[in-house]
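The model shown is predicted, which means the values in this text are computed figures rather than measured ones. Order of appearance sets the numbers: ligands from 1, and atoms from 1 within every ligand.
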Amino acid sequence: MSTLYDTERLKKADSASILHPATVVADVAEKGPRIIAEGKGCFITDTEGKSQLDAVGGLWCMNIGYGRPEIGDAMKKASDQLGYFHTFAGSSNPAQIQLAERLVAKMPDHINKVFFGSSGSDANDSLMKIVWYYNGLRGKPEKRKIISRRQAYHGTTIASASLTGLASFHRNFGLPIAEVKHTSLPHYYREAKPGESELDFSNRLARELEDLIIAEGPETVGAFIAEPIMGAGGVITPPEGYFSAVQKVLKKHDILFICDEVVCGFGRLGDWFGHRVYDIRPDMVATAKGITSGYFPLSAAFISDEIWNVLRDGSATLGAFAHGFTYSGHPVGCAAAMANLDILQNENLIGNAADVGAYLHTSLREALGDHAHIGEIRGHGLIGAIQLMADRDTKTGFDLKHKIAARCVAAIGELGVIYRPLPTADSLAFSPPLCLTRNEADQMVDALRKGLDQVI
Ligand code: PLP
């Protein structure tokens, strides 16, 4: 540890002054937070000197690994050169232009335009508004509803929290907003009927989606939003045939596909983007997190040429596209993203995610595949989840009030590895930095096995 901290004083000051996000307010106010001070590679260290392997990559975002000075160097240069200028009303800066060129080159051929913001939530909000704007310009102003999936996570602003399909993000806030509807969760292991094949399950879900569209009125449904692999909702991998069946339905009813790549993008699945892994042809793509590996808050929302053409022609008559943020195209953030992309590319971290990811999944299955309380080990590349089960033969979950997932994560944390509890999905999730080594993957498996043995 390079710096000494007065942890007790910091904890008191934190409790006295900070409302923490996604936290039981009383808990942290009483006990004080855990304060993370430093990081290197896959490891973080708190102010008391305790180090752990961060197998979650912060909040699914630390793709290149902690403590890379190249990012700070690039940000300093951009800050010294300009620091900031807005991108409203026709202004731009070299960093956002270079980044945009580089990003659209990685998108499918029909996607060539990007809009910058600061978070995954604002990327989804922006795309939702663009759906409304686009359909308004096409003479279909009533085509506004967005269909998301139960248990999905798409953010916490008013619109993106509505897209989120978790009750805890709606309760006490009067959400979701009326424009958002939710359809079934494609979790084959838990949701399929006895004897139903993956393909039959996918086709049933596509029929349910179509039934919902018809019940709402296709003329009122503008878009469908989905992650390639649902992250915080349980690391749900799509069952066979799911996206091809869903896309057929969307096409039939002139409904756009918003692909939320906030977690899956920038290498997590062992490819640049999840839509490439699962043969999705998105109309819009939301990215954030891994775009800078969390070093700077930046999002990039992409739109197809078809949408762009309508916006361009429409604004000739309507005037400005009246949407944007003070920090859209921030030059320091764009410089951070460029340096982050350099590291991902030059160090072949995406290839490493595929390679070490496959090794990790195999090791997990070998070590824990027969465990009496593990129903499923799922994921792809360097993202995954361990499904806990009170009884795996009858597929009965644990009683949520016992907080088994959180207790397992606490025990594994004591053994030096951070996993993430996903209580709604009764699962423990992982999404480590893409620089993870096989040795570190072994540490993840070992701590998981020992920690689970202590609790279940
Ligand atoms: N979309 C997905 C798939 C996410 O997992 C998240 C955050 O975890 C978001 C959107 C929201 O991103 P942010 O927290 O940057 O607003």
TODO: Report, in ascending order of atom number, the atoms of ligand 1 lying under 4.0 Å from any heavy atom of Val263.
DONE: 5 (O)
- [ ] Before signing off on this row, confirm whether Ser121 and ligand 1 have an N or O atom pair separated by under 3.5 Å.
- [x] yes
Task: Per-atom contacts of ligand 1 with Glu227, taking only distances under 4.0 Å to non-hydrogen atoms - done: 3 (C)
- [ ] Considering the heavy atoms of Gly120, write down every atom of ligand 1 situated less than 4.0 Å from one of them.
- [x] 11 (C), 12 (O), 13 (P), 15 (O), 16 (O)
TODO: Under 4.0 Å, heavy atoms only, figure out whether ligand 1 is touched by the backbone of Ser119, its side chain, both or neither.
DONE: both
- [ ] Name the closest protein heavy atom to atom 8 (O) of ligand 1, giving the residue it belongs to and the distance to 0.1 Å.
- [x] Lys289 NZ, 2.8 Å
Open item on the list: Can you confirm, on distance only, whether ligand 1 has an N/O atom lying under 3.5 Å from any N/O atom belonging to Asp260?
Closed with: yes
- [ ] For the pair Trp272 and Phe266, name the ring-plane relationship: parallel under 30°, tilted 30 to 60°, perpendicular over 60°.
- [x] perpendicular
Task: Which of the ligand 1 atoms, numbered from 1, are nearer than 4.0 Å to a heavy atom of Val262 - done: 1 (N), 2 (C), 4 (C), 6 (C), 9 (C), 10 (C)
Task: Residue and atom name of the nearest protein heavy atom (relative to atom 4 (C) of ligand 1), distance in Å to one decimal - done: Tyr153 CD2, 3.6 Å
Task: Tyr84 and His330 aromatic ring geometry - parallel, tilted or perpendicular at 30°/60° bounds - done: tilted
TODO: Check the angle between the aromatic planes of His373 and Phe398 and answer parallel, tilted or perpendicular using the 30° and 60° thresholds.
DONE: tilted
- [ ] Using distance alone, determine whether Trp60 and ligand 1 share an N or O pair under 3.5 Å.
- [x] no
Open item on the list: Surrounding CZ of Phe257 (heavy atoms of other residues, nucleotides or ligands, distance under 6.0 Å), is the total greater than 12?
Closed with: yes
Task: NZ or CZ of Lys395 within 45° of Tyr189 ring axis and under 6.0 Å - done: yes
TODO: Please state which part of Asn124 comes within less than 4.0 Å of ligand 1, counting heavy atoms only: side chain, backbone, both or neither.
DONE: side chain
Open item on the list: Could you measure the distance from the CG atom of Leu163 to the CD1 atom of Ile258? Nearest 0.5 Å is fine.
Closed with: 7.0 Å
- [ ] Could you list the residues that satisfy salt bridge (Lys or Arg N to Asp or Glu O under 4.0 Å) with Glu306, not counting sequence neighbours?
- [x] none
Open item on the list: Salt bridge or not between Glu216 and Lys145? Use side-chain N to carboxylate O under 4.0 Å.
Closed with: yes
